[in-house]
Colleague: 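The following block contains the structure, expressed as structure tokens.
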Amino acid sequence: MTDEPREDEPREDERLDEEEARAKRALGKLRGADESPRALKAVRAVRKLLPGDAELGDPLSTAGDDPSLVLARRVAEVGQERPSAIRELGLGAFQVWQAISEKQGRGRGDRELAILFTDLVEFSSWALEAGDEASLELLRQVGRAEDAAVADHSGRVVKRLGDGLMAVFDGAQDAVNAACAVRDRVRTIEVDGYQPKLRAGVHFGRPRKIGGDFLGVDVNIAARVADAARGDQILVSGAACEQLEDGAFDCKKLRRFKAKGAPKELEVFKVEPA
């Protein structure tokens with residue numbers, strides 16, 4: 001004797017279809033609430049009241065390899081094509097986490113740092129003639145020299161900029177020592193008869209940390225100081241010069257320094273180890 005469904009009972013496939021339909025309706029309601037302009041407005045208003053960067057989620061604020069930034073970047077990438085209150089809530093959680101990390105001294109707060117920029121003088125012109133293979137070999141050797149010098153002086157490479165880099169240090173003394181070390185190591189490099197010449201600039205200020213990068217007036221000043229340097233020359237701003245130990249360097253003030261985006265009163269010094 002077999003158990004057969006009564007005629008008034010739904011068949012198994014009908015029950016599955018009904019459950020699937022209910023699930024779709026529930027998801028539709030959830031999505032509707034998630035995309036509701038009112039819900040989005042409310043969540044974004046809450047994010048502005050939370051500690052940390054209320055704009056966390058854009059490419060600038062999530063740049064970097066810190067685990068929390070990597071996860072925040074993944075959350076930000078989910079549902080970018082449509083508004084999402086749930087996505088905003090997730091980013092809000094990372095926003096608070098980032099703020100807590102800053103207060104615990106993990107290098108994300110508004111604190112004074114020395115900013116170093118370097119690049120190679122006339123590298124682009126040489127690279128056009130030398131070709132990709134030689135250029136890449138040169139950049140690899142320079143990169144190894146830069147990484148070692150920055151690490152040896154307790155700094156951190158923020159980003160690479162073609163034939164140069166940006167790095168930050170707790171103090172100007174370490175930044176200038178690193179710049180001198182990089183310059184000395186680069187002087188020993190030769191590729192296809194070409195010997196690169198490095199220039200560097202250091203400024204001491206309060207750059208604003210956004211994700212894994214730094215932005216702001218002080219970063220621009222450091223870049224302008226570096227741009228003004230000649231080959232084999234290291235320039236520092238007055239603010240950085242004041243942080244150097246007495247007798248550690250010979251500092252000569254440049255008589256004329258003008259750079260777009262830099263304060264008119266900015267003083268710049270050429271430095272060499274004493």
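Hydrogens, waters and symmetry mates play no part in the numbers below; they use all other heavy atoms, side chains included.
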Colleague: Would you say V225 and L254 are hydrophobically clustered, going by side-chain heavy atoms of ILVMFWY under 4.5 Å?
Modeller: yes
Colleague: Taking the side chain as every heavy atom from C-beta outward, state whether R44 and K48 have any pair of such atoms under 4.5 Å apart.
Modeller: no
Colleague: What heavy-atom pair brings C251 and V271 nearest, and what distance separates the two atoms?
Modeller: SG-CG1, 3.6 Å
Colleague: Using atom types as modelled, flag every donor-acceptor pair under 3.5 Å from a side chain in residues 165-191 to any protein atom, sequence neighbours excluded.
Modeller:
unit_1: D170; atom_1: OD1; unit_2: R111; atom_2: NH1; d: 3.1
unit_1: Q173; atom_1: OE1; unit_2: E245; atom_2: N; d: 2.8
unit_1: N177; atom_1: ND2; unit_2: Q173; atom_2: O; d: 3.2
unit_1: R183; atom_1: NH1; unit_2: D232; atom_2: O; d: 2.9
unit_1: R183; atom_1: NH1; unit_2: E272; atom_2: OE2; d: 3.0
unit_1: R183; atom_1: NH2; unit_2: E272; atom_2: OE1; d: 3.0
unit_1: D184; atom_1: OD1; unit_2: R187; atom_2: NH1; d: 3.3
unit_1: R185; atom_1: NH2; unit_2: D152; atom_2: OD2; d: 3.0
unit_1: T188; atom_1: OG1; unit_2: R185; atom_2: O; d: 2.6

Colleague: What do you reckon, is CZ of R160 surrounded by more than 12 foreign heavy atoms closer than 6.0 Å?
Modeller: yes
Colleague: Would L138 and D192 count as a side-chain contact (heavy atoms from CB on, under 4.5 Å) here? Give the steps.
Modeller: CA-CA 9 Å; L138 178 70; D192 286 356; over 6 Å; no
Colleague: In Å and rounded to the nearest 0.5 Å, what is the NE2 to CG distance from H203 to L113?
Modeller: 11.0 Å
Colleague: Indicate the atoms forming the closest heavy-atom contact of F123 with Y194, along with that distance.
Modeller: CA-OH, 3.9 Å
Colleague: When hydrophobic residues are tied together by side-chain contacts of less than 4.5 Å, even through go-betweens, does V157 share a cluster with F117?
Modeller: no
Colleague: Start with the C-alpha gap between D163 and V142, add the side-chain angles, then the distance that decides, and say whether side-chain contact (heavy atoms from CB on, under 4.5 Å) holds.
Modeller: CA-CA 8 Å; D163 58 327; V142 172; over 6 Å; no
Colleague: Nearest 0.5 Å, please: how far is CD in E137 from CG in D132?
Modeller: 13.5 Å
Colleague: Taking the side chain as every heavy atom from C-beta outward, state whether V158 and F214 have any atom pair closer than 4.5 Å.
Modeller: yes
Colleague: Does L235 share a hydrophobic cluster with F204, counting links as ILVMFWY side-chain heavy atoms below 4.5 Å and allowing steps through other members?
Modeller: no
Colleague: Nearest 0.5 Å, what's the NZ-CG distance between K197 and L120?
Modeller: 12.0 Å
Colleague: Treating Ile, Leu, Val, Met, Phe, Trp and Tyr as nodes and any side-chain heavy-atom pair under 4.5 angstrom as an edge, say whether V268 and L244 lie in one connected cluster.
Modeller: no
Colleague: Can you tell me how far CZ of R199 sits from CG of D227, rounded to the nearest 0.5 angstrom?
Modeller: 5.5 Å
Colleague: Measuring from L198:CG to E146:CD, what's the distance to the nearest 0.5 Å?
Modeller: 6.5 Å
Colleague: For a quick test of reading the model, state the closest non-hydrogen atom pair linking A274 to D250 and the distance between them.
Modeller: CA-OD2, 3.9 Å
Colleague: As an exercise, state the distance from OG of S237 to CD of E267, rounded to the nearest 0.5 Å.
Modeller: 10.0 Å
Colleague: I want to check something: taking the side chain as every heavy atom from C-beta on, are V236 and F249 in contact at a cut-off of under 4.5 Å?
Modeller: no
Colleague: Write down the atom of G92, the atom of L50, and the distance for their closest heavy-atom approach.
Modeller: O-CD1, 4.1 Å
Colleague: If two hydrophobic side chains count as joined below 4.5 Å and joins carry through other members, does V96 share a cluster with V46?
Modeller: yes
Colleague: Taking atom NZ as the centre, does K253 end up with more than 12 heavy-atom neighbours from other residues, nucleotides or ligands that are less than 6.0 angstrom away?
Modeller: no
